[in-house]
There are 2 protein chains.
Amino acid sequence: MNASRTARERVRAELTREITDIARRHLATDGAPGLSLRAVAREMGMVSSAIYRYFPSRDDLLTALIIDGYNALGEAVEQADAGCPRADHAGRWRAVCRAVREWALAHPHEYALLYGSPVPGYQAPQDTIGPAMRDTLVYGRIIAEAHEAGVLDPPAVFPPPPASFAEDAVRLRAVIPGVPDDVIARAVMAWTGLFGMVNFELFGQFNNAILDPATLFDHNMTALGRVLGLP
Amino acid sequence: MNASRTARERVRAELTREITDIARRHLATDGAPGLSLRAVAREMGMVSSAIYRYFPSRDDLLTALIIDGYNALGEAVEQADAGCPRADHAGRWRAVCRAVREWALAHPHEYALLYGSPVPGYQAPQDTIGPAMRDTLVYGRIIAEAHEAGVLDPPAVFPPPPASFAEDAVRLRAVIPGVPDDVIARAVMAWTGLFGMVNFELFGQFNNAILDPATLFDHNMTALGRVLGLP
DNA sequence: AAAAAATAGAGAGCAGTGCTCTTGACGGTG
DNA sequence: CACCGTCAAGAGCACTGCTCTCTATTTTTT
C-alpha cells in the first residue's frame, strides 16, 4: 500500500536528487549564470520540458541549490566549532572564520550564490532563511557563551552605540542572547568584517595587491576577535 | 580635412556615448544579467548587428560600464573627502564611508557590477584597474596624512601582524605611504569592513534583522576609524 | 477487476538571447 | 571621378526559459 505509492515517489525523489546533483556540478564549473535547465535535462537523457515536472522554474532549482549551500556552509561551520574546546572562545571564533573562508574557496560559485550579488528578479523564499541562519547561530553562540562565562572583555575604545540602535539590538539579541547593545554592534562588525574579507578575496578585489591572503585573513580575524572582546 | 574626418568620428563618438547611456539605464533598472545588446539596439532604432560595430561583444559593453562605475564611485568619494577640513581625518574617513554607502544605495546594480560576484567567464581588462583604485587612493591618503600629522593612535589591543605579512605590506604601502605594517593590516580591515557592511545591506543579508542600517553603519564606521587609530 | 484520475515524459513551438556572415549603400580620400 | 573603408541591415545559427498538447503509465477509486 505504502510501498506501492512509494514506488513512484521514490523514483521521483531519486530523480529530483539527481537533478540537483547535476545542477550543482554545473554550478561549480560554469557558475550560476551558466546553469541551464536544458543542459541538465540533456545530461539526464531527458527532454527539456520534462524537468519542469520536478522544478517548475529555473529559480526553483536555484533555490534548492541555495538551501543546500547554506546547509553545507552551516555544517562546515558547526563542525569547525565542535572541534574546539568549548571554553576556548577565541579559538572557536578563529576556527569558524577559517571554516567559512575554506568552504568559500572550495565552492566559489556556490558561495557567490549565497553572498554575492542577488539575481535581480529573484526573491528568496521563506525556506531559505532557516538554513541561512545556521552559521550565524554558531557565531552568536560563541559570543553569548563567552559573555556568559565572563571572559568577554571588549576594549573600551569605541563610543557607545547610538540610542536608536537599541531597537535593532532587540531583534539581534535573539541570536546572541544576554549581551549588551555595545557587544551586538561589535558582533555585526565582526560578522560583516569576516564576510567582507572573504568576498574581497573571492571576488578579485585583492588581485595583485595581496598575494598571501590566508596570513592576513588569520591575523585580521584574530583582531576582530579582540574587537569582540575575546581573549 | 581634419573636420571631415572628424565628422565621422564625431557621430561615432556620439553613438557610442548614446549606447552606454542607454545601457546604463537598462543596467539600473534590470540589472547586469538583464542587459541585452539587442534591447539597447532596439531602443536606438538600430538593428542588433549594427551595435557590434561599436562594442564587439557584450563583455566590452560591460567593461565600459564598469569603468564608468568605478569613476563615478571614485568621484563621489573624492568629493566627500574634499568637503571636509583636511585636518579632520576621522571626519574625512566617516564622510568617505558614507559616500560609498550612499552611492551604492543610489546605484545598486552598478555597485553589484563592481563589488558583487564576478561574471564567470569575464576577465576584467587592464583598463579597469586604474579607475578601480580611485576610491582606494582616497582612503589611503587619509590614513597616510593622519599618520604624517602624528594623530594616528591605533589602540594597542591587537597582536602584531605576522612577519610573513611584510611582503604584502610592501605592495600595499604604495597606497598608504609611510605607515608601519600594523597600520596597513588595520587599513585592510577597515577597507573590507566598509564594503562588507555595504554588501550585506545591499545584498539582503540584513533583511528582517536590521531595520535601521544607516545608524549602525555610521556607528560601525566610526568604530573602524578608531581601529585605524583615527581620533 | 474495471473505471477514473493523477502523473510522467515527449515533442513542437514561442519569444528571446549573443554573435556571425553577407549584401548593399554611403562618405571621405587618392 | 573612382575607389576603398565604414556602416547599417538582414538572415541565420545555436542556445535559453517556458508553455502547451498529446500519449503512455501508474495510482487511486469504484
### Task
Take atom OH of A/Y122 and atom P of D/dG17, then tell me their distance rounded to the nearest Å.
16 Å
### Query
A/D30 CG to D/dC15 P: how many Å, rounded?
14 Å
### Query
Roughly, in whole Å, what's the span from CZ in A/R58 to P in D/dC18?
8 Å
### Query
When you measure from the side chain of B/M46, which nucleotide among D/dA9, C/dT17, C/dG9 comes out closest?
D/dA9
### Query
Among D/dC7, D/dT27, C/dA10, which nucleotide sits nearest the side chain of A/R8?
D/dT27
### Task
Starting at atom CE of B/M44, determine the distance to atom C1' of D/dA8, rounded to an integer number of angstrom.
12 Å
### Task
Just call it for A/S57: base, sugar-phosphate, or nothing, with non-hydrogen atoms closer than 4.0 Å on any strand.
sugar-phosphate
### Message
Would you say A/R42 places a side-chain N or O within less than 4.0 Å of OP1 or OP2 belonging to D/dT16?
### Response
yes
### Query
Just how far, in rounded Å, is P of C/dG28 from CZ of B/R10?
12 Å
### Task
State, without any angle test, whether B/Y122 and B/T63 hold a side-chain donor-acceptor pair at a distance under 3.5 Å.
yes
### Query
Under 4.0 angstrom, heavy atoms only, what part of the nucleic acid is A/L61 near: base, sugar-phosphate, or nothing?
nothing
### Query
Are OP1 or OP2 of C/dA8 and a side-chain N or O of A/R12 less than 4.0 angstrom apart?
yes
### Query
Taking side chain as C-beta onward, heavy atoms only, is A/Y139 less than 4.5 Å from A/L194?
yes
### Message
Looking at A/R53 and C/dG9, is any side-chain donor or acceptor paired with a base atom of the opposite kind under 3.5 Å?
### Response
yes
### Message
When you measure only distances, ignoring hydrogens and angles, does the side chain of B/R38 come within 3.5 Å of the base of C/dG16 through a donor and an acceptor?
### Response
no
### Task
Name the closest nucleotide to the B/S36 side chain, picking from D/dC18, C/dT17, C/dC21.
C/dT17
### Message
Base, sugar-phosphate or nothing for A/I51? Non-hydrogen atoms, less than 4.0 Å.
### Response
nothing
### Query
Rounding to a whole Å, what distance do you find between B/L15:CG and D/dA9:P?
11 Å
### Query
Can you tell me if the side-chain N/O atoms of B/Y54 get under 4.0 Å from OP1 or OP2 in D/dA8?
yes
### Message
Using side chain to side chain contact (heavy atoms under 4.5 Å, CB included), reason through A/N220 and B/R186 one step at a time and then give a plain yes or no.
### Response
CA-CA 8 Å; A/N220 276 4; B/R186 289 169 192 257; over 6 Å; no
### Query
Considering only side-chain heavy atoms of B/Y52, which listed nucleotide, C/dC19, D/dA8, C/dA12, is closest?
C/dC19
### Query
Any idea how A/W191 and B/F206 line up, ring-wise: parallel (<30°), tilted (30 to 60°), or perpendicular (>60°)?
tilted
#### Entry: Distance, rounded to the nearest Å, where A/L62 contributes CG and D/dT16 contributes C1'
14 Å
### Query
Atom OH in B/Y52, atom CZ in B/R58: separation rounded to 0.5 Å?
9.5 Å
### Query
Can you tell me how far C1' of C/dA8 sits from CD of A/E9, to the nearest Å?
14 Å
